[in-house]
Amino acid sequence: MASSVVPVISIDRNGAKPVHRQIYDSYREAIMQGNLRPGQKIPSTRLFAVELGVSRYPVIEAYAQLVAEGYFESRVGAATIVSQDFPDRFTTAAPALVKESLNSPSSRVSARRTALVGQLRASQWTRGLGAFGVGQVAYDQFPLQVWSRLVARRTRKMNVRSFHYGEQMGSIMLRQTVANYLRTARSVHCEPEQIMIVSGSQQAIAITARVLLDPESSIWIEEPGYRFGADVFTLAGCNLVPVPVDKEGINVSEGIRRDRMARAALVTPSHQFPLGFTMSAARRLQLLTWAQDHGAWILEDDYDSEYRYESLPIPSLQGMDAHGRVIYIGTFSKVLFPSLRLGYLVIPKDLIEFFLKTRHAMDLAPPTFYQDVVSDFIAEGHFERHIRRMRLLYRERRSLLVDSISEEFGEAVEIDGSEAGMHLVVSFKTSIDDRSVAERAGQQNLWVWPLTASYLKTPEKTGFILGFGSTASSDIPVAVRTLKKLVKEAPSRPIAI
Ligand SMILES: Cc1ncc(COP(=O)(O)O)c(C=O)c1O
């Protein structure tokens with residue numbers, strides 16, 4: 001079939017050059033500049049003439065000339081294409097672009113932006129699908145039949161309203177469902193009007209940063225902590241203050257010592273990322289008191305608290321806050337799947353207007369369709385059922401992983417954070433070069449995250465964050481043995497980043 005995409009070709013009907021020549025020249029130039037590539041389909045002469053508003057004759061004449069000179073290939077019964085034989089070096093980058101690409105992007109973007117983007121930590125170990133990928137769920141266990149039935153039903157029900165922009169805060173049905181769920185399961189104090197549906201925790205953090213922080217504002221970041229969250233504040237030009245974490249969670253006294261006047265703290269109280277500790281009641285009170293006394297904000301990232309294996313879920317920090325200092329952030333990435341890009345914020349009532357205007361400037365409104373599907377999924381009881389099933393499955397995978405690590409690594413390692421969630425941390429008593437191991441592990445389809453990459457400053461421990469959500473029980477022992485082999489081959493060296 002011919003392409004129905006018409007290349008940008010301008011024709012001057014009153015110009016001195018005949019129309020067929022203008023068409024010929026434009027196509028030739030588009031091919032030479034690489035805007036049209038070898039093998040690419042060309043619109044039929046009929047469609048092209050209609051789009052250009054000219055008669056078909058000059059188009060036929062120009063096409064014939066381009067075929068004759070080898071720019072186009074045309075075969076009977078098939079679409080005309082840009083000649084496959086055309087040498088690539090003539091059809092890629094246009095001369096002007098070649099010249100520009102000699103300059104680095106940093107010469108075209110401000111020095112400040114270049115420096116900020118340079119600090120972001122995109123890393124190869126977060127990319128692959130395979131054993132130990134952090135944040136990956138048991139995709140093969142997702143109730144796809146139910147899901148596709150709900151998707152089909154919602155598609156059939158689409159009406160004029162479904163095609164237009166949705167509500168800026170998110171669909172009221174989902175916000176009511178989320179509010180009910182958070183009050184019951186997470187002891188969050190909230191009403192549906194405080195819930196804003198967003199594109200995952202990442203957007204929740206990004207919107208919050210825009211509302212509450214100025215460039216140069218200080219924010220406490222857990223050390224080690226969630227780097228993707230920290231990246232938002234780096235990009236916003238904030239001053240990131242690493243605050244160490246111990247078994248009781250973020251060390252508030254140390255935070256106060258390092259920067260008492262910080263504007264905010266990004267924390268994971270239910271299941272510290274990555275080390276897995278639960279913030280103690282004493283620390284929670286201390287953190288809330290600091291925030292209240294200094295007018296600071298607490299961003300509570302409650303990303304996986306549905307999965308606890310040794311105890312009941314821990315109530316949220318937001319539920320203990322009497323002064324509206326906590327912004328609560330939740331996500332469907334772990335309990336459903338990450339490509340949904342659905343999460344939510346619980347906003348203190350007096351800030352709703354600020355959040356609403358800020359979100360509107362960023363993306364107008366969240367997409368409606370999957371909000372409705374998720375609402376149905378929850379309302380019909382599939383969500384609860386799915387979480388219950390996954391809890392059992394992840395518990396089994398976690399036990400197997402702990403056993404395999406103990407068997408292979410024995411006393412050489414410590415395991416943290418296995419009581420909850422979908423990942424654990426294995427750290428080495430003698431430091432190793434975890435980044436180079438992680439890089440080589442990726443080549444064997446093991447997607448461990450090096451622990452040192454979770455530190456802003458000098459790492460205290462080396463090791464790996466291992467996700468077990470998507471790793472089948474039968475694959476775990478082999479994967480751990482492979483990891484052991486890679487660690488053995490790696491030179492041990494002092495911790496440094
Ligand atoms: C600490 C933490 N927060 C949030 C998320 C989820 O982010 P999102 O909701 O943007 O997918 C993850 C995913 O791994 C995480 O580890």
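Only a predicted model underlies this, so the values are computations on that prediction, with no experimental measurement involved.
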Fill in: Separation of L212 CG from L299 CG (nearest 0.5 Å)
7.0 Å
Worksheet entry | Any donor-acceptor N/O pair, R341 side chain to S333 backbone, under 3.5 Å | no
Practice prompt. Measure across P366 and Q168 and return the closest heavy-atom pair with its distance rounded to 0.1 Å.
Written response: CD-O, 3.6 Å
Item to complete: Walk me through it: do S270 and R186 pass the test side chain to side chain donor-acceptor pair (under 3.5 Å)?
Response: CA-CA 10 Å; S270 301; R186 308 291 311 116; 3.2 Å; yes
Fill in: Donor-acceptor under 3.5 Å (Q202 side chain, F228 main chain)
yes
Practice prompt. May I ask you to test the P315-M320 pair for a side-chain heavy-atom distance under 4.5 Å?
Written response: no
Worksheet item: In chain order, what residues pass the salt bridge (charged side-chain N to carboxylate O under 4.0 Å, His left out) check against D434, with sequence neighbours excluded?
Response: none
Discussion item. Tell me if the CD atom of E29 is crowded by more than 12 foreign heavy atoms within 6.0 Å.
Written reply: no
Discussion item. What I'd like to find out is whether the side chain of P242 reaches to under 4.5 Å of the side chain of I221, using heavy atoms alone.
Written reply: no
Discussion item. Do N239 and E216 have side chains that approach each other closer than 4.5 Å (heavy atoms only, starting at C-beta)?
Written reply: no
Worksheet entry | Partner of L275 by side chain to side chain contact (heavy atoms under 4.5 Å, CB included), out of I465, V425, L424 | V425
Response to the item:
L393 and Q141 have their tightest heavy-atom pair at CD2-CG, 3.7 Å
Item to complete: Please determine if E310 and R391 form a salt bridge, counting it only when a charged side-chain N lies under 4.0 Å from a carboxylate O.
Response: no
Worksheet entry | Heavy-atom donor-acceptor pair, R175 side chain to I195 backbone, under 3.5 Å | yes
Worksheet item: Would F337 and F332 count as a close aromatic pair, with their ring centres under 6.0 Å?
Response: no
Worksheet item: Quick one: are M196 and I207 in side-chain contact, heavy atoms under 4.5 Å?
Response: yes
Worksheet item: Out of curiosity, L174 CG to D372 CG, how far, rounded to the nearest 0.5 Å?
Response: 8.5 Å
Worksheet item: Between Y303 and H423, how do the two ring planes meet: parallel, tilted or perpendicular, split at 30° and 60°?
Response: parallel
Practice prompt. Pick out which of Q176, M173, E380 makes a side chain to side chain contact (heavy atoms under 4.5 Å, CB included) with S375.
Written response: M173
Worksheet item: How about E193 and M169: do any of their side-chain heavy atoms sit closer than 4.5 Å?
Response: no
Worksheet entry | T471/R397 under side chain to side chain donor-acceptor pair (under 3.5 Å): CA gap, chis, key distance, verdict | CA-CA 8 Å; T471 315; R397 291 181 176 180; over 6 Å; no
Worksheet item: Would you say Q318's side chain and V326's backbone share a donor-acceptor pair under 3.5 angstrom?
Response: no
Worksheet entry | R46 atom CZ: more than 12 heavy-atom contacts under 6.0 Å | no
Worksheet item: So, the side chain of Y309 versus the backbone of R398: is there a donor-acceptor pair under 3.5 Å, distance only?
Response: no
Discussion item. For a quick check under 3.5 Å, do R56 and T45 share a side-chain donor-acceptor pair by atom type?
Written reply: yes
Item to complete: Could you tell me whether a side-chain N or O of Q203 sits under 3.5 Å from a main-chain N or O of G200, the two making a donor and an acceptor?
Response: no
Discussion item. Between R359 and D363, does any NZ, NE, NH1 or NH2 come within less than 4.0 Å of an OD or OE carboxylate oxygen?
Written reply: yes
Practice prompt. Go through the structure and list residues passing ring-ring contact (aromatic ring centres under 6.0 Å, His included) with F132, not counting sequence neighbours.
Written response: none
Worksheet item: With side chains defined as the heavy atoms from C-beta onward, is the minimum distance between L446 and T482 less than 4.5 Å?
Response: yes
Worksheet item: How are the rings of F142 and F377 set relative to one another: parallel (under 30°), tilted (30 to 60°) or perpendicular (over 60°)?
Response: parallel
Fill in: Test salt bridge (charged side-chain N to carboxylate O under 4.0 Å, His left out) applied to R283 - qualifying residues, sequence neighbours left out
D246
Item to complete: Flag yes if more than 12 heavy atoms outside Y181 fall under 6.0 Å of its OH atom; otherwise flag no.
Response: yes
Item to complete: Test ring-ring contact (aromatic ring centres under 6.0 Å, His included) on F277 and H271 and set out the steps.
Response: CA-CA 6 Å; F277 305 127; H271 189 222; 9.4 Å; no
Fill in: Sole residue of H382, M390, E384 in side chain to side chain contact (heavy atoms under 4.5 Å, CB included) with H386
M390
Discussion item. With a 4.0 Å cut-off on N to O distance, would you call E73 and K41 a salt bridge?
Written reply: no
Worksheet item: Do any N or O atoms from the side chain of Q272 and from the backbone of E222 form a donor-acceptor pair under 3.5 angstrom?
Response: no
Discussion item. Nearest 0.5 angstrom please: L342 CG to Q371 CD, how far?
Written reply: 6.0 Å
Fill in: Pairs where residues 189-217 contributes a residue and the test ring-ring contact (aromatic ring centres under 6.0 Å, His included) is met, not counting sequence neighbours
none
Worksheet item: Out of curiosity, I11 CD1 to E51 CD, how far, rounded to the nearest 0.5 Å?
Response: 13.0 Å
Worksheet item: Is there side-chain contact between V346 and I327, with at least one heavy-atom pair below 4.5 Å?
Response: no
Worksheet item: Looking only at heavy atoms, what is the nearest atom pair of S201 and D301, with distance?
Response: OG-OD1, 4.2 Å
Worksheet item: Counting distance only, does the side-chain N/O of E300 pair as donor-acceptor with the main-chain N or O of L317 below 3.5 Å?
Response: yes
Worksheet item: Distance from M158 atom CE to R153 atom CZ, nearest 0.5 Å?
Response: 15.0 Å
Fill in: side chain to side chain donor-acceptor pair (under 3.5 Å) contacts touching residues 129-140 (sequence neighbours left out)
Q136-S470
Discussion item. Under a 3.5 Å distance rule, please check whether T268 uses its side chain to pair with a backbone N or O of F273 as donor and acceptor.
Written reply: yes
Worksheet item: So, R227 and S454: side-chain donor and acceptor under 3.5 Å apart, yes or no?
Response: no
Practice prompt. May I ask you to decide if S162's main-chain N or O and N159's side chain share a donor-acceptor pair within less than 3.5 Å?
Written response: yes
Item to complete: Please name the pair of heavy atoms, one in I219 and one in C238, separated by the smallest distance, quoted to 0.1 Å.
Response: CG2-CB, 4.3 Å
Item to complete: Report yes if the distance between the aromatic ring centroids of W220 and W297 is under 6.0 Å, otherwise no.
Response: no
Practice prompt. Would you mind listing every ring-ring contact (aromatic ring centres under 6.0 Å, His included) that reaches into residues 157-176, with sequence neighbours excluded?
Written response: none
Practice prompt. Verify side chain to side chain donor-acceptor pair (under 3.5 Å) between T177 and N180, making sure each step is shown before the conclusion.
Written response: CA-CA 5 Å; T177 312; N180 274 340; over 6 Å; no
Worksheet entry | Heavy-atom pair with the smallest gap, counting every atom of A265 and W290 | CB-CZ3, 4.1 Å
Practice prompt. Take R308 and T278, measure what side chain to side chain donor-acceptor pair (under 3.5 Å) needs, and give me the verdict at the end.
Written response: CA-CA 11 Å; R308 286 202 83 83; T278 303; 3.1 Å; yes
Worksheet item: Between P477 and L400, is any pair of side-chain heavy atoms under 4.5 Å apart?
Response: yes
Practice prompt. Check F233 against A209 and note the closest heavy-atom contact, atom names and distance.
Written response: CE2-CB, 3.6 Å
